[in-house]
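Order of the sequence lines sets the chain letters (A, B, ...), proteins ahead of strands, with each chain counted from 1.
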Protein chains: 2
Amino acid sequence: MWLRASSREERGGPPLSRRRIVEEAVALLDAEGADRLTMRRLAERLGTGSTTLYWHVKTKDDVLDLALDAIFAAVPIPEDQEWRAGVTRLIGDWRATLLRHPWSAALLGRPMLGPNVLARSDFLYAALIGAGVAEPHLTAAAFGLSNFVIGSALMQATWLVNADAETRDAARDHMDHQRDRYPALAAHGPLTATDDWDESFERGLNWLLDGVEATIATG
Amino acid sequence: MWLRASSREERGGPPLSRRRIVEEAVALLDAEGADRLTMRRLAERLGTGSTTLYWHVKTKDDVLDLALDAIFAAVPIPEDQEWRAGVTRLIGDWRATLLRHPWSAALLGRPMLGPNVLARSDFLYAALIGAGVAEPHLTAAAFGLSNFVIGSALMQATWLVNADAETRDAARDHMDHQRDRYPALAAHGPLTATDDWDESFERGLNWLLDGVEATIATG
DNA sequence: CCTCCACCGGATCGTTGTTCGAGTAACCGG
DNA sequence: CCGGTTACTCGAACAACGATCCGGTGGAGG
């Protein structure tokens, strides 16, 4: 009796569930990064055996897909009346969430079909339609805005979060030593400490929104 | 003598070199995708033992970094006089190369410091500077254009190349069954067969370029 | 002929995702 | 109260991976 398998309390809290697995996966990813996420390590944090996870989840990729969608729950769906304010807020929060979980940038190359992502994409389309954006501008606008925020977050996460200071310094030295080969890049490129990611993002976003807005009147 | 280790001809052509390894890695990635690239399989295609590769290359990540940079050799550095034509051509060829090697999209999350990438980034900065774009618009323009093409290629590679038809159909069904939950998305979103990736890309790119151009006169 | 050194690869280690099958606890109709 | 079904757990094991160790091998130079 007393030698039997550990009770629930000893294993740490509530029973295992897909929900708990995803929660802990996000926490693990936030704390240690993408390459440290292992089914065994994840199970250990949950106080269970590693193979137990496969009852609730089909593969590790499922865990990643679920974790990726889960973080977008933190992106509020705007309620602004003015379309541009709403879209700006959505894209900004979208980017902030991606940067708050830098491991997510590396996962953007997989189909995002979770409910949180779909709901926010639906808002984007609805906001643009409501603003009077029609095809073929509509698809271009939705794609352009999504792709812009994805690319921005991916690039920034790569350099400012995922890359350690050692890598950044090495990159700086690497460019300094080849200053004559890449003159414009060395003088004005990134890593020159004069760049402001947030401001650059906002400018680019406004260029896109200006272009979208210009298509409304003219059709 | 005749029973000794295989001669060079039997092992397949020229001696091993970092150059040949990268060439074969790109060929393997093109043919079978990113998850099928293995040091053992790569060595097999080269007619050598797997551990031999580690003499020419430090880790597998090095192979990926080298392969990623290698494909950008196919992006010509434009010689247009007009800055906008040159930038448009560069970004377009950049995108075409990423889509021709769909595995590259998943690797965009790692620092790109290879000579081919740096040379083309340098051209982008030089073209913008030559056009009269000054800070803070310069960084925003270079970032915006790069991030836009990266995001676009990543998204398109995800859906049209990496995802098999089965996944695409499943996604379509998934959205059809939830048409009431995501009305705008189901009616106008991607995968509705009315979307034209190339045209959408061009429109978004022109919105960005219009915005950049507008900053030249006003400063 | 000998020595050195760039280059090669078999054996091996530790780790990973995933499967198999034997378990156990809780519930349910009788 | 009981027999059996269902939901869930997990140790052992497998195949494949990236990487290292260390003993080779062959050609160039003295």
Side-chain angles (χ1 to χ4, degrees), chain A residues 1-25 28-29 31-68 103 106-107 109-110, chain B residues 1-25 28-29 31-68 103 106-107 109-110:
Chain A
M1 181 354 178
W2 303 109
L3 300 177
R4 254 193 300 229
S6 58
S7 70
R8 228 144 228 179
E9 285 73 24
E10 287 163 355
R11 279 215 323 272
L16 203 51
S17 67
R18 186 183 283 233
R19 181 188 202 81
R20 270 198 71 211
I21 291 177
V22 175
E23 271 177 24
E24 202 63 37
L28 177 54
L29 286 165
E32 309 192 29
D35 46 343
R36 302 287 307 250
L37 175 65
T38 292
M39 295 303 268
R40 288 176 229 266
R41 229 193 300 272
L42 179 56
E44 195 180 0
R45 283 178 69 127
L46 288 164
T48 71
S50 60
T51 64
T52 305
L53 301 178
Y54 286 92
W55 178 261
H56 304 271
V57 152
K58 197 152 185 287
T59 66
K60 182 188 176 183
D61 277 358
D62 280 13
V63 177
L64 293 176
D65 284 333
L66 291 168
L68 183 59
W103 47 269
L107 300 181
R110 63 180 60 224
Chain B
M1 189 332 186
W2 302 109
L3 299 178
R4 256 195 296 233
S6 59
S7 70
R8 227 146 229 179
E9 285 75 21
E10 288 162 355
R11 280 215 324 271
L16 205 51
S17 68
R18 183 182 286 231
R19 182 188 201 83
R20 271 198 70 213
I21 292 177
V22 175
E23 272 177 22
E24 203 63 36
L28 177 55
L29 287 165
E32 309 192 30
D35 45 344
R36 302 287 307 250
L37 175 65
T38 292
M39 294 304 268
R40 290 176 228 262
R41 228 194 299 274
L42 180 56
E44 195 181 0
R45 282 178 69 126
L46 288 164
T48 71
S50 60
T51 63
T52 305
L53 300 178
Y54 287 94
W55 177 261
H56 303 272
V57 153
K58 196 152 186 287
T59 66
K60 182 189 178 185
D61 277 356
D62 280 12
V63 177
L64 292 176
D65 284 333
L66 291 167
L68 183 59
W103 47 268
L107 301 180
R110 62 180 59 224

Inter- and intrachain pairs under salt bridge (charged side-chain N to carboxylate O under 4.0 Å, His left out), touching residues 53-66 of chain B, at least two apart: B/Asp61-B/Arg110, B/Asp65-B/Arg110
Rounded off to whole Å, could you give me the [atom1]-to-[atom2] distance for the [X] and [N] pair?
X       : N      : atom1 : atom2 : answer
A/Asp61 : C/dT18 : CG    : P     : 7 Å
B/Leu46 : C/dC7  : CG    : P     : 15 Å
B/Arg18 : C/dA6  : CZ    : P     : 15 Å
A/Leu53 : C/dT19 : CG    : P     : 13 Å
B/Lys60 : C/dT15 : NZ    : P     : 19 Å
B/Asp62 : D/dA19 : CG    : P     : 9 Å
B/Tyr54 : D/dG18 : OH    : C1'   : 4 Å

Sugar-phosphate only, base, or nothing, as touched by A/Thr59 at under 4.0 Å among non-hydrogen atoms: sugar-phosphate
Donor-acceptor pair (no angle test) under 3.5 Å: A/Thr51 side chain, D/dG11 base: yes
B/His56 side-chain N/O to C/dC8 phosphate OP1/OP2 under 4.0 Å: yes
Proximity to DNA chain D (any heavy atom under 4.0 Å), residues of residues 33-42 of chain B only: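 Only B/Leu37, B/Thr38, B/Met39, B/Arg40, B/Arg41 qualify.
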Set of residues satisfying side chain to side chain contact (heavy atoms under 4.5 Å, CB included) with respect to A/Ala106, sequence neighbours excluded: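 A/Ala106 satisfies side chain to side chain contact (heavy atoms under 4.5 Å, CB included) with no other residue.
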List, one per line, each side-chain donor-acceptor pair under 3.5 Å for residues 36-43 of chain B, sequence neighbours excluded.
residue : atom : partner : partner atom : Å
B/Arg36 : NH2  : B/Glu32 : OE1          : 3.4
B/Arg41 : NE   : B/Arg36 : O            : 2.9

